[in-house]
Chemist: 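Structure below; questions to follow.
Here the structure is a predicted model, which means the values were calculated and not measured.
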Amino acid sequence: MSTPSEGDSPGQGGPWLPHAAPAEPEPAPSAPTRPAAVTAAFWLVLASAGLSIVSVGVFFALYWQDVREWMREDYLAYGENYTEADLTGSAWFFTMLCIALAALGATPYVTFAFVARRGANWARITLTVLVLCGGFVMLVLTVVPYGGALTDSLPLRLVLFVNTVFSASVVVLLFRDSADRFFALSLPEVPGNADPVVDPVPWYPSDLAGEGCCEIVVTAPSFEWLAGFTKKLVDERFVACGQIIREIRSIYWWDGAVRHGTEARVALHTRRTLVPEIVALTEELHPYETPCVVVTPLVGGSPAYLDWVEEETREPAQPR
């Protein structure tokens with residue numbers, strides 16, 4: 001085992017210090033400034049929702065007698081006896097029901113508007129879908145005649161037209177360039193999307209345990225060949241183990257053209273001193289003209305595991 005260099009000695013913050021004091025955390029980035037387009041879209045959604053609810057009450061106030069006559073027709077259709085108080089009570093109940101339904105229908109718009117205002121892109125997309133669907137329905141109700149004072153009244157169509165304009169404006173504002181930059185820079189709002197906070201864990205440098213271990217990555221055109229090659233290396237104790245990925249997607253330059261295809265990949269754990277022999281054996285047996293063989297030194301890890309890697313691999317061949 002070699003000893004750490006003076007510059008890496010404990011207390012000087014070098015890579016050999018297992019429990020070095022963590023660096024001061026960088027200050028969290030400030031939230032991006034909300035552009036005027038997003039703010040305007042937010043208030044338009046609130047204005048549209050409020051207009052929808054208020055307009056229902058105003059509409060029934062303007063056409064109160066028509067609503068009472070509608071109630072009278074229902075009583076007559078079912079052959080029920082009624083009084084003027086019954087007509088008024090039924091009209092009030094129907095009016096309150098319609099206002100409640102309007103408020104219930106506006107709730108998702110307002111909710112997603114508040115979330116999108118904070119920079120959540122998923123809420124912007126959801127709000128856009130809702131606004132487009134609602135705007136389409138209002139446009140149809142605006143231009144298609146139905147007959148009857150309650151459905152073809154000018155105030156109702158005017159309110160529907162204004163809300164249609166509001167809907168189109170909201171979509172345009174939410175997808176302006178300034179809004180796109182705001183949503184791209186904003187922190188994710190969906191729970192679980194943020195990077196998890198991981199508690200620090202002990203780190204064991206290679207100088208303290210398992211010095212001289214490394215990982216060798218080899219790719220091959222087929223899983224079967226790579227599995228057989230890996231078994232040969234393990235059987236002959238060139239490596240302690242190999243973890244194989246059956247299929248990866250590779251994109252690379254070869255013979256002056258970009259090519260792509262599927263390959264298998266193995267990560268081999270062994271001693272660094274065995275690397276020359278493993279590389280030579282790979283180049284001898286590999287079906288590729290230029291096989292991928294890359295080596296990464298293991299700078300640390302579980303002491304027991306790194307000791308096991310050394311114990312399960314053989315000593316390198318002595319040079320002749």
Chemist: Please check if atom CZ in Phe93 has more than 12 non-hydrogen atoms from other residues, nucleotides or ligands closer than 6.0 Å.
Modeler: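 No, because the 6.0 Å sphere around CZ of Phe93 holds 12 heavy atoms or fewer from other groups.
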Chemist: State, to 0.1 Å, how close Ser178 and Pro35 come at their nearest heavy-atom pair, and which atoms those are.
Modeler: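 Between these two residues, the closest heavy atoms are O-CG, 3.6 Å.
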Chemist: Minimum heavy-atom separation for Trp225 to Ala220, with atom names?
Modeler: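 That closest heavy-atom pairing would be CE3-CB, 3.6 Å.
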Chemist: What I'd like to find out is whether the side chain of Thr230 reaches to under 4.5 Å of the side chain of Val218, using heavy atoms alone.
Modeler: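 They are not in contact (no side-chain heavy atoms under 4.5 Å apart), so the answer is no.
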Chemist: Taking a hydrophobic cluster as the set of Ile, Leu, Val, Met, Phe, Trp and Tyr residues connected by side-chain heavy atoms closer than 4.5 Å, whether directly or through intermediates, do Val129 and Leu44 fall within one such cluster?
Modeler: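 No; Leu44 is not reachable from Val129 via cluster members.
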Chemist: Could you give me the CA-CA distance, side-chain angles and deciding distance for Trp253 and Arg259, then say whether side-chain contact (heavy atoms from CB on, under 4.5 Å) is met?
Modeler: CA-CA 6 Å; Trp253 280 97; Arg259 306 177 186 277; over 6 Å; no
Chemist: Going from CG on Leu104 to CD1 on Ile99, what distance comes out if it is rounded to the nearest 0.5 angstrom?
Modeler: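 Going from CG on Leu104 over to CD1 on Ile99, the span is 13.5 Å.
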Chemist: Which pair of non-hydrogen atoms, one from Leu306 and one from Gly301, has the smallest distance, and what is that distance?
Modeler: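 Minimum heavy-atom separation between Leu306 and Gly301: CD1-N, 3.9 Å.
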Chemist: How long is the span from the CZ atom in Arg176 to the CZ atom in Arg181, to the nearest 0.5 Å?
Modeler: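 Output value for this atom pair is 10.0 Å.
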Chemist: Is it the case that more than 12 heavy atoms not belonging to Trp92 sit under 6.0 Å from its CH2 atom?
Modeler: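 Counting other residues, nucleotides and ligands, CH2 of Trp92 stays at 12 neighbours or fewer.
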Chemist: Can you give me the closest heavy-atom contact between His260 and Ile251, atom names plus distance?
Modeler: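 Heavy atoms only, the tightest pair is CB-CG1, 3.9 Å.
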Chemist: Begin with the C-alpha distance, continue with both residues' side-chain angles, and end with the deciding distance and a verdict on side-chain contact (heavy atoms from CB on, under 4.5 Å) for Val131 and Tyr109.
Modeler: CA-CA 8 Å; Val131 168; Tyr109 293 85; 4.1 Å; yes
Chemist: Here's one to test your reading of the geometry: is the NZ or CZ of Arg68 within 45 degrees of the ring axis of Phe94 and under 6.0 Å from its centre?
Modeler: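 Not satisfied by the 6.0 Å and 45° rule.
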Chemist: Verify side-chain contact (heavy atoms from CB on, under 4.5 Å) between Arg314 and Glu277, making sure each step is shown before the conclusion.
Modeler: CA-CA 12 Å; Arg314 68 187 192 182; Glu277 295 178 67; 3.3 Å; yes
Chemist: Hey, what do you get for CG (Leu127) to CG (Leu174), rounding to the nearest 0.5 Å?
Modeler: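 Nearest 0.5 Å value for the CG-CG distance: 6.0 Å.
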Chemist: Count I, L, V, M, F, W, Y as connected when their side-chain heavy atoms are under 4.5 Å apart, and connections chain through other members. Are Leu46 and Leu51 then in the same cluster?
Modeler: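 Leu46 and Leu51: separate clusters.
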Chemist: If you group Ile, Leu, Val, Met, Phe, Trp and Tyr by side-chain heavy-atom gaps below 4.5 Å, do Leu226 and Val295 land in one group?
Modeler: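 Yes, same cluster.
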Chemist: Using atom types as modelled and distance alone, determine if a side-chain donor or acceptor of Thr128 lies under 3.5 Å from a backbone N or O of Val171.
Modeler: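 Pair absent, no side-chain N/O of Thr128 close to backbone of Val171.
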Chemist: Can you measure from OG (Ser222) to CZ (Arg246) and round to the nearest 0.5 angstrom?
Modeler: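 One finds 10.5 Å between OG of Ser222 and CZ of Arg246.
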Chemist: Can you tell if the side chain of Leu268 reaches within under 4.5 Å of the side chain of Glu215, non-hydrogen atoms only?
Modeler: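 The answer is no; the side chains never approach within 4.5 Å.
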Chemist: Could you tell me which non-hydrogen atom of Ala116 sits nearest to which non-hydrogen atom of Phe182, and how far apart they are?
Modeler: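 Heavy-atom minimum between the residues: O-CE2, 4.2 Å.
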Chemist: Examine Leu274 and Phe229 and state if one hydrophobic cluster contains both, with Ile, Leu, Val, Met, Phe, Trp and Tyr joined whenever side-chain heavy atoms are less than 4.5 Å apart.
Modeler: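 Looking at the clustering, Phe229 is in the same group as Leu274.
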Chemist: Same cluster for Val110 and Val115 if Ile/Leu/Val/Met/Phe/Trp/Tyr side chains link at under 4.5 Å?
Modeler: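 They do not share one cluster, since no chain of ILVMFWY contacts under 4.5 Å joins Val110 to Val115.
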Chemist: As an exercise, state the distance from CZ of Phe112 to CH2 of Trp122, rounded to the nearest 0.5 Å.
Modeler: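 Interatomic distance, Phe112 CZ to Trp122 CH2, rounded to 0.5 Å: 5.5 Å.
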Chemist: Counting C-beta onward and ignoring hydrogens, is there a side-chain heavy-atom pair between Ile278 and Val239 closer than 4.5 Å?
Modeler: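 The answer is yes; the side chains approach within 4.5 Å.
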Chemist: Closest heavy-atom contact between Cys241 and Val234?
Modeler: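 Cys241 and Val234 have their closest heavy atoms at CA-CG2, 4.2 Å.
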Chemist: Could you check Lys232, Arg237, Lys231 and say which one makes a side chain to side chain donor-acceptor pair (under 3.5 Å) with Asp235?
Modeler: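 Of Lys232, Arg237, Lys231, side chain to side chain donor-acceptor pair (under 3.5 Å) with Asp235 is met by Lys231 alone.
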Chemist: What verdict does the side-chain contact (heavy atoms from CB on, under 4.5 Å) test give for Thr219 and Ser250, after you've listed the backbone C-alpha separation in whole Å, the side-chain angles of each residue and the deciding distance to 0.1 Å?
Modeler: CA-CA 10 Å; Thr219 60; Ser250 299; 5.8 Å; no
Chemist: Do other residues, nucleotides or ligands put more than 12 heavy atoms under 6.0 Å from Trp43 CH2?
Modeler: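 Counting other residues, nucleotides and ligands, CH2 of Trp43 stays at 12 neighbours or fewer.
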Chemist: When the ring planes of His286 and Tyr288 are compared, do they come out parallel, tilted or perpendicular, using 30° and 60° as the limits?
Modeler: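 Rings of His286 and Tyr288: tilted, 30 to 60°.
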Chemist: Report yes if the side chains of Tyr305 and His269 come closer than 4.5 Å at any heavy-atom pair, otherwise no.
Modeler: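 When only atoms from C-beta onward are counted, His269 and Tyr305 do touch, with a gap below 4.5 Å.
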Chemist: Rounded to the nearest 0.5 Å, what's the gap from SG on Cys213 to CZ on Arg271? Could you check?
Modeler: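 Output value for this atom pair is 8.0 Å.
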